Amino acid sequence: MEKITVKIINDSPNPLPAYETHSAAGMDVRANITEPITLGPLERRLIPTGLRMQLPQGYECQIRPRSGLALKHGISLVNTPGTVDADYRGEIGIIAINLSSEPYTITPGERIAQMVIKEYVHVSWESVSHIDETVRGDGAFGHTGVD
């Protein structure tokens, strides 16, 4: 497993994002709030983290929901995965949404999302008039008939 060093500023009282287990891909991110925030059903809010980072070129930070919050409380992220680009230097915010029918209260320091640092490539487009055929062809959503 490759490791990289990322410069980070933590303007919160919370610990830095951390892997909860040795093989975890995502690091938990905490809410940088001083008072609880209650999300009503279908309500969304930008939750600050107090984190700013300097990613190396060729890397992005993906912000994803935490599966436990999603399953137990219906808390997800509006733009999932959210992307933090290598040239962004502002505070990372989490756009949380309550997809349940019950209010949910986010508490100060609560783990509200996870971040995954990923390498990426840029594409050069080649305009053509034909692309190779495959067995699937242009079969799209539900084309196999399997539910």
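Just so you know, these numbers come straight off a predicted model, no measurement behind them.
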What heavy-atom pair brings Y104 and N98 nearest, and what distance separates the two atoms? N-ND2, 3.5 Å
Over all heavy atoms of both residues, which pair between S76 and P65 is shortest? Give the atoms and the distance, please. OG-CG, 3.6 Å
Could you walk me through whether I106 and I112 pass side-chain contact (heavy atoms from CB on, under 4.5 Å), step by step? CA-CA 8 Å; I106 298 170; I112 56 166; 3.7 Å; yes
Would you confirm whether E119, through its side chain, and Y59, through its main-chain N or O, come within 3.5 Å as a donor-acceptor pair? no
Nearest heavy-atom contact between R89 and Q54 is NH2-CG, 3.2 Å
Does the R44 side chain pair with the main chain of I97, one donor and one acceptor, at a distance under 3.5 Å? no
Any donor-acceptor pair under 3.5 Å linking the side chain of R66 with the backbone of D28? no
When you measure from the side chain of N14 to the backbone of A31, do you find a donor-acceptor pair of N or O atoms at a distance under 3.5 Å? yes
Roughly how far apart are I9 CD1 and L51 CG, rounded to 0.5 Å? 10.0 Å
V6 vs L55, test: side-chain contact (heavy atoms from CB on, under 4.5 Å). Steps then yes/no. CA-CA 6 Å; V6 175; L55 291 165; 4.0 Å; yes
Check: S100 side chain, E102 main-chain N or O, donor-acceptor pair, under 3.5 Å: yes
Roughly how far apart are N10 CG and M53 CE, rounded to 0.5 Å? 10.5 Å
Side-chain donor or acceptor of T49 paired with backbone N/O of N32 under 3.5 Å: no
Taking atom CD of Q114 and atom OH of Y19, what is their separation to the nearest 0.5 Å? 10.5 Å
V116 reachable from I63 in the ILVMFWY side-chain graph, under 4.5 Å edges: no
Could you go through the side-chain contact (heavy atoms from CB on, under 4.5 Å) check for I94 and L46 one step at a time? CA-CA 6 Å; I94 308 298; L46 180 62; 5.8 Å; no
Before you tell me yes or no, could you show the steps for E126 and V128 under side-chain contact (heavy atoms from CB on, under 4.5 Å), namely the whole-Å CA-CA distance, both residues' side-chain angles and the distance that decides it to 0.1 Å? CA-CA 6 Å; E126 177 185 356; V128 297; 3.9 Å; yes
